[in-house]
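One-based numbering, in listed order, for ligands and for the atoms of each.
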Amino acid sequence: MPIRLLPPNLVNQIAAGEVVERPASVVKELVENALDAGAKRIDIVLRDGGRALISVIDDGHGMDQAELAMAVERHATSKLPDDDLVHIAQFGFRGEALPAIGAVGRLAITSRARGSAHAWSLSVEGGAKSPIAPAALNQGTRVELRDLFYAVPARLKFLKTARSELNAVGEIVERLAMAHPEVAFSLSDDDRSVLKLHAEASDLMAEPDAARLKRLAAIMGRDFADNAAPVEAGRDGHRVTGFAGLPTLNRATAAQQFLFVNGRPVKDRLLVGAIRGAYQDFLARDRHPMAVLFVDCPPEDVDVNVHPAKSEVRFRDSALVRGLIVGGIRHALEGAGHRASTTVAAATLQGFSAPPPPAWQAGPRSGGYNVSHLAAQAVAAYAPLDAELARPSARMEAPLPEATQLRDYPLGVARAQLHGTYIVAQTADGIVIVDQHAAHERLVYERMKESLAATGIARQALLIPEMVELDQPAAERLVSRADELAELGLVIESFGPATVVVREVPALLGKTDVHGLLRDLADELAEFGAALSLKEKLESICGTMACHGSVRAGRQLNQAEMDALLRQMEATPHSGQCNHGRPTYVELKLADIERLFGRR
Ligand SMILES: Nc1ncnc2c1ncn2[C@@H]1O[C@H](COP(=O)(O)OP(=O)(O)O)[C@@H](O)[C@H]1O
Ligand SMILES: [Mg+2]
């Protein structure tokens, strides 16, 4: 068979294979074009999830007659004025979206350039261009694509239901909208409004981040906006900004992490890994934080031309970017201090409120809580407690300080210890319930990290060295790491094949269960393998030690001890959650409690 150049329409269909996968990818290209054109309002209208119609209308600078004629030609772009692939400042540069889209559906474009007397329109069907004709349009550009994939029916089979195509479109639009709070967006499908985002005024006098945060709240929900710490880090022309969710606001997947590089939404493994690294200290492995991060750097330091849909990027100095993200997030979370997410209290209150009645009982409900159900729950909950309440295990102590003084203590003044596990404190406008073990564990852990970084961990010699019997492999694992453990404050020696002598322990731990600690550490070493140094696994090791050095649940604390714990929590960063992202305390505002009792 002879070698030949493929006809242009076939070339465009092949390009469409990479760029136009489904309605969402068409919307992405068209909305990016609208943003590149400086639009301040972008309206997206779909029919049948985008299969029958995708229409994107913008109020950007538009195209004149000659530009419109060029726009649908392959490799025609206005965005590389100096043939410079290095300094890419806009979304587009490949010049292939419009011709590719025109090769797989019926494309019609109407556009009016700023200052023009009227608009022009043009259509492309099966790759064939219609003549350009005058048309009516106020300002900007309207691109319509009908019958997506009619020209390549094989691809129709890969489309999902209208609903899931619509969802994918919604996600793309939200992603682009996050980076452009100054632009209004709307999305509708079959005349049903799906998304409406009004432009957030970027008041330069006000907080510069305010518009951005408002837009994020509109998309990700109030919970995120209320429970995120601003991120701000920069070095060598690179900047990372955005918002990091508090660890207690975590999710089962990473779907609520959004990353932008120079305004472009990306899904990049390096960046996702950096977020994971930043939170590894605060979250269990299977939980994921919410975060929105904007990485900005000189265009020459990042290559966006590594993926046809431009969703991956390559940084020249990826270590620098990773470092900025990890450092920026950690700093932000430190600034959040002992704050735990307000969603914790909300979830708690939901636990109090009644579940919806079973279907057979469903009738009109008079809003608010189902009182009879709640009462039944309360009776059931208190019945087994009666016996305990008769014993004075709930201890009321110390007169309460003045309200003004209470205001100085965000976590309040301890009023009681319940079930030997929970400290109940009164705050200026609510109550706080602290899980004493979780909280103390976090405090010890933070102090270990701090002292290790500052001066090395202080050790305390045991008066009588303790012999710990283990199995032989466990003992060998520990002894082979004896030098590293000593640096972390734990001095051990071999004593026969399966026994280890413990001579010194980290002073911070106080009186600790040495046997349990060694057993857990031996298990952990087995998991790490030989290659990693303990310093690299420091956080995990410190976590294990902290757990053994903390106040156990079940230990009675006196007033001074309880208050000391509360004051330490207030002063310690990250003390709002334990090492697994669970909250260490819950705060209920009086207003919430009053609502529970129908007082509001
Ligand atoms: N909504 C729009 N408003 C103004 N000009 C547009 C719009 N959409 C496309 N264009 C013009 O058409 C050209 C081709 O668009 P496209 O095929 O998406 O390639 P690219 O965006 O990579 O340049 C753009 O460079 C731009 O000049
Ligand atoms: Mg484009």
Side-chain angles (χ1 to χ4, degrees), residues 8-9 11-21 24-45 54-105 107-116 119-124 127 129 132 135 137-145 172-173 175-176 179-180 183-186 262-265 299 303-311:
N9 193 43
V11 173
N12 285 333
Q13 286 187 355
I14 291 170
E18 289 180 322
V19 183
V20 186
E21 197 191 335
S25 32
V26 174
V27 169
K28 171 179 178 293
E29 295 295 335
L30 299 183
V31 171
E32 287 184 351
N33 280 348
L35 290 169
D36 281 345
K40 288 287 166 261
R41 135 145 247 119
I42 300 175
D43 296 302
I44 304 139
V45 176
I54 296 169
S55 155
V56 175
I57 304 162
D58 69 58
D59 63 354
H61 57 56
M63 290 173 270
D64 63 23
Q65 185 179 5
E67 288 169 332
L68 181 56
M70 275 300 280
V72 295
E73 295 296 333
R74 185 158 171 74
H75 302 312
T77 181
S78 58
K79 301 170 193 174
L80 289 180
D82 309 312
D83 294 350
D84 178 357
L85 255 186
V86 172
H87 294 91
I88 291 171
Q90 290 186 289
F91 283 114
F93 61 84
R94 300 171 64 105
E96 59 184 4
L98 291 181
I101 290 169
V104 296
L107 177 67
I109 309 177
T110 307
S111 190
R112 177 167 171 177
R114 287 231 168 101
S116 286
W120 294 94
S121 84
L122 164 80
S123 62
V124 183
K129 245 166 55 165
I132 293 205
L137 188 74
N138 269 343
Q139 188 203 338
T141 303
R142 179 178 64 220
V143 182
E144 289 178 330
L145 183 73
I172 290 274
V173 175
R175 237 166 242 258
L176 288 164
H180 292 276
V183 180
F185 289 85
S186 79
N262 290 346
R264 194 188 290 282
D303 188 354
V304 293
N305 190 21
V306 292
H307 188 271
K310 301 168 248 172
S311 61

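By the criterion of a heavy-atom distance under 4.0 Å, both the backbone and the side chain of T77 are placed next to ligand 1. Contact annotation for V143 and ligand 1: no heavy atom of the residue comes within less than 4.0 Å of the ligand.
Here the side chain of E67 pairs a donor or acceptor atom with the backbone of D64 at under 3.5 angstrom. Under the 3.5 Å distance criterion, the side-chain polar atoms of D58 are matched with a main-chain donor or acceptor of T141. Between the side chain of R114 and the backbone N or O of Q139, no donor-acceptor pair lies under 3.5 Å. Remark: the backbone N or O of Q90 is not paired with any side-chain donor or acceptor of D36 at under 3.5 angstrom.
For the residues A76, G62, A37, the heavy atom positioned nearest atom 14 (C) of ligand 1 is part of A76. Considering D36, D58, L98, D64 only, the shortest heavy-atom separation from atom 1 (N) of ligand 1 involves D58.
At the shortest separation from atom 2 (C) of ligand 1 among protein heavy atoms lies T141 OG1, 3.8 Å. Residue, atom and distance of the protein heavy atom nearest to atom 19 (O) of ligand 1 are G95 CA, 3.2 Å. Summary of contacts: the protein heavy atom closest to atom 12 (O) of ligand 1 is A71 CB, 3.3 Å. Among all protein heavy atoms, the one lying closest to atom 11 (C) of ligand 1 is M63 SD, 3.6 Å. Closest to atom 26 (C) of ligand 1 among all protein heavy atoms lies S78 OG, 3.5 Å.
Counting all heavy atoms, side chain and backbone alike, P265 lies closest to F91 at CD-CE2, 4.1 Å.
Taking the side chain as every heavy atom from C-beta outward, H75 and P99 never approach each other to under 4.5 Å. Side-chain atoms of N33 and L98, non-hydrogen and from C-beta on, do get closer than 4.5 Å to each other.
Atom numbering of ligand 1 starts at 1 in the shown order; those under 4.0 Å from a heavy atom of A97 are 17 (O), 18 (O).
Distances between N or O atoms of E29 and those of ligand 1 include no value under 3.5 Å. Taking distance alone, with nitrogen or oxygen atoms compared against 3.5 Å, H61 stays at or beyond that limit from ligand 1.
At least one N, O or S atom of N33 sits under 2.8 Å from the Mg ion (ligand 2).
The structure places CG of N9 at 10.0 Å from CD1 of I14, a figure rounded to the nearest 0.5 Å.
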